[in-house]
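Small disclaimer: the values here were computed from a predicted structure and weren't measured. For the single chain, residues carry numbers from 1 onward in sequence order.
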Amino acid sequence: MTLRRAVAQVPALVGAIFLLVGTVLTTLFVPLSLRDRTLSERGTRADATVVGRRAETRRDSDGDRDVRVYLVQYEFALADGRTWAAERALSPSIWNTLDVGDRIEVRYAPDDPSRHVLPEVGAGLPLVGVLFPLLFVGLGAFLVRRGLPEILAPARLYRTGLAARGRITGVEEIVGQTVNGRHPLRIRYAFIDRDGVEHAGATPTFDRALVGALAPDAPATVLYAPDDPRRSILLAALGLAGVPDARAARDHGVAAARSH
């Protein structure tokens, strides 16, 4: 169970990152994408005239490198007779097809002409602007759901597990894992379930004081799943080392096993 829980932490952590990224992208881009899509379908139509085009070099958002930006300037007449001027960045392939004097379709919001899109040249965010963030959210949710059950296994044992008297059989350092420059420790133990069958288990910890208090052959209380005694954990590893075994068993609905 310990190995499964450690492995489960990887997809759960990656899934949490995907969920965070997907949530941010959804918050930022989905409203904009839906707004542009609505304007493309229902906005007031106008014919804009290209009055200028230019390309310039800018630093990217991270300030790490130069990027080439292709801009087009255009003007269009509003329903009230005013003329609205704007400038947009386009992809190089579209920018190269336009020239001064060309006419392009514009769809704008009558109450705010600055909110407009150029449907014919693809200036608005496409539907992928909605699907891309949702893909992150969906993948993140899948990974979290896959890994979370094993991570929450100790909490389930704490709530519904049966208590059994056990003994410490050894402590070892997990040299293959390092967190913040420290190796975790693995406490091995044995216990007898309610049917009289002996089982072995192991619980990882960074608590050196806990290891010092649980020397080999020291008695310890183990919580195990009644339907699968291979799923178990030391009660002390849940931060309950100072709670009397009988009271812990009573307060959390587990049946304390007597010494065999």
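Closest non-hydrogen pair, Asp227 versus Arg231, comes out as OD1-NH1, 3.7 Å. When all heavy atoms are compared, the tightest approach of Ala89 to Val69 is CB-CG1, 4.0 Å. In this structure, Gly161 and Pro226 approach most closely via the heavy-atom pair CA-CD, 4.5 Å. Here the shortest heavy-atom pairing between Ser93 and Thr97 reads O-CG2, 3.3 Å. Shortest non-hydrogen contact noted between Ala48 and Tyr74 is CB-CD1, 4.0 Å. Of all heavy-atom pairs spanning Ala46 and Ala77, the tightest one is CB-O, 3.8 Å.
With hydrogens and angles disregarded, no donor-acceptor distance shorter than 3.5 Å links the side chain of Thr203 to the backbone of Ile233. Counting only distance, with no hydrogens or angles, the side chain of Arg53 and the backbone of Trp95 share a donor-acceptor pair below 3.5 Å. With hydrogens and angles disregarded, a donor-acceptor distance shorter than 3.5 Å links the side chain of Asp193 to the backbone of Asp195. A donor-acceptor pair under 3.5 Å is formed between the side chain of Asp102 and the backbone N or O of Asp99.
The shortest side-chain heavy-atom distance between Ile168 and Ile187 falls under the 4.5 Å cut-off. Two residues are said to be in side-chain contact when any heavy atoms from C-beta on lie closer than 4.5 Å; Thr38 and Arg107 fail this criterion. For the pair Arg165 and Thr221, the minimum side-chain heavy-atom distance is below 4.5 Å. Looking at Arg167 and Asp217, their side chains come closer than 4.5 Å, going by heavy atoms from C-beta outward. Between Leu98 and Leu90, some side-chain heavy-atom pair lies under the 4.5 Å cut-off. In this structure the side chain of Phe191 reaches within 4.5 angstrom of the side chain of Tyr224, judged on heavy atoms.
Arg45 and Asp47 are joined by a salt bridge, as a carboxylate oxygen and a charged side-chain nitrogen come within less than 4.0 angstrom of each other.
Between atom CZ of residue Arg115 and atom CG of residue Leu39 there is a gap of 5.5 Å, rounded to the nearest 0.5 Å. Separating the OH atom in Tyr70 from the CD1 atom in Ile94 is a distance of 13.0 Å, to the nearest 0.5 Å. The CZ atom of Arg103 lies 4.0 Å from the OG1 atom of Thr49; values are rounded to the nearest 0.5 Å. The structure places CZ of Arg59 at 4.5 Å from CG of Asp66, a figure rounded to the nearest 0.5 Å.
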Test side-chain contact (heavy atoms from CB on, under 4.5 Å) applied to Trp84 and Val106, step by step: CA-CA 11 Å; Trp84 194 269; Val106 173; over 6 Å; no

Check the pair Val50 / Gln73 against side-chain contact (heavy atoms from CB on, under 4.5 Å), numbers first and verdict last. CA-CA 6 Å; Val50 177; Gln73 298 86 40; over 6 Å; no

Full working for side-chain contact (heavy atoms from CB on, under 4.5 Å) between Val51 and Glu87: CA-CA 10 Å; Val51 296; Glu87 180 180 69; over 6 Å; no

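Residue-environment remark: CZ (Arg65) stays at or below the threshold of 12 foreign heavy atoms within 6.0 Å. Annotation for Arg68: atom CZ counts as buried by contact number, over 12 foreign heavy atoms lying within 6.0 Å.
Partners of Thr44 according to the side-chain hydrogen bond (donor to acceptor under 3.5 Å, both in side chains) rule, which considers only residues two or more places apart in sequence or in another chain, do not exist here. By the side-chain hydrogen bond (donor to acceptor under 3.5 Å, both in side chains) test, Arg58 is found to be paired with Glu56, residues two or more places apart in sequence or in another chain being considered.
Using cut-offs of 30° and 60° on the angle between ring planes, the pair Phe76 and Tyr108 is tilted.
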